[in-house]
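As structure tokens, the structure follows; a few thoughts come after it.
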Amino acid sequence: AQSVTQLGSHVSVSEGALVLLRCNYSSSVPPYLFWYVQYPNQGLQLLLKYTTGATLVKGINGFEAEFKKSETSFHLTKPSAHMSDAAEYFCAVSRGSGTYKYIFGTGTRLKVLA
Amino acid sequence: KAGVTQTPRYLIKTRGQQVTLSCSPISGHRSVSWYQQTPGQGLQFLFEYFSETQRNKGNFPGRFSGRQFSNSRSEMNVSTLELGDSALYLCASSSSTGGTGELFFGEGSRLTVL
């Protein structure tokens, strides 16, 4: 069975500070991993994904994540937070090939302080 | 290119009624997935379709059903509504059949059951 744990349901950072959102996964098969962002009253938008290959993945809006198999982690980072980054972020895992049945984490709401 | 369109955006029903939600995927996308989002359970997979065939179903009671039409549009139906069915129902589409492509989400249909 697969599962995703996001540590911290709420994270606050100052504008310009490092953003670190944590995601740990459990999977019996090589996982496909995703980060999505949801702005208020909107659907989810893909930030980045890891399927195979390079373990450091760069996404949109300056975000990146590193797949660490030994730590079963896929933490999301951004060097400098911007006010527009305030949103809810979801980590997700899937078995990959042939399905869009994702297991989502419970989400982390990011607040950016001026 | 138009995004994923979900209708209606908001609706209110009473217990025992049924509801049908509609999803029009991005033109050319043949994979459609549905998710239920609630504050308590987060995002949970309902079902996914490809070329009118249901490929996977989540762990929901039989009151939840769906279908996909030949033009890739999809509907989901919930019969005998319960208070706990109040949620944001999200539809997502993809051009990829393999499960590694990007899922494009609609803004959702927010169902309130009284």
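Quick note on labels: first sequence line is chain A, next is B, and so on, each numbered from 1. Source: prediction; values computed, not measured.
- For chain A, the option among E48(B), R110(B), Q6(B) with the highest count of heavy-atom pairs below 4.5 Å is E48(B).
- Looking at T106(A), neither its backbone nor its side chain comes within 4.5 Å of chain B, counting heavy atoms on both sides.
- Interface remark: of the candidates A92(B), S94(B), P39(B), C91(B), S94(B) forms the most heavy-atom pairs closer than 4.5 Å to chain A.
- Side chains of L81(B) and R15(B) form no contact here, defined as non-hydrogen atoms less than 4.5 Å apart.
- Ion pair E52(B)/R67(B) not flagged as a salt bridge, since none of the NZ, NE, NH1 or NH2 atoms sits closer than 4.0 Å to an Asp/Glu carboxylate oxygen.
- Using a cut-off of 4.0 Å between Lys/Arg side-chain N and Asp/Glu carboxylate O, R63(B) and D85(B) are scored as salt-bridged.
- Aromatic ring centres of F105(B) and Y36(A): separated by under 6.0 Å.
- The contact between Q37(B) and chain A is made entirely by side chain atoms (from C-beta outward), counting heavy-atom distances below 4.5 Å.
- Looking at N24(A) and T5(A), their side chains never bring a donor and an acceptor atom within 3.5 Å of each other.
- Here F63(A) and Y89(A) bring their ring centres to under 6.0 angstrom of each other.
- Within the 4.5 angstrom heavy-atom criterion, only side-chain atoms of R9(B), from C-beta onward, approach chain A.
- Heavy-atom distances place the side chain of K49(A), and not its backbone, under 4.5 Å from chain B.
- Checked against the 6.0 Å centroid criterion, the rings of Y89(B) and Y35(B) do not qualify as a close aromatic pair.
- Of the two parts of E102(B), the backbone and the side chain both hold a non-hydrogen atom closer than 4.5 Å to a non-hydrogen atom of chain A.
- Of the atoms belonging to L43(B), heavy atoms from both backbone and side chain fall under 4.5 Å from chain A.
- Only the side chain of L88(B) comes within contact range of chain A, with at least one heavy atom under 4.5 Å from a heavy atom of that chain.
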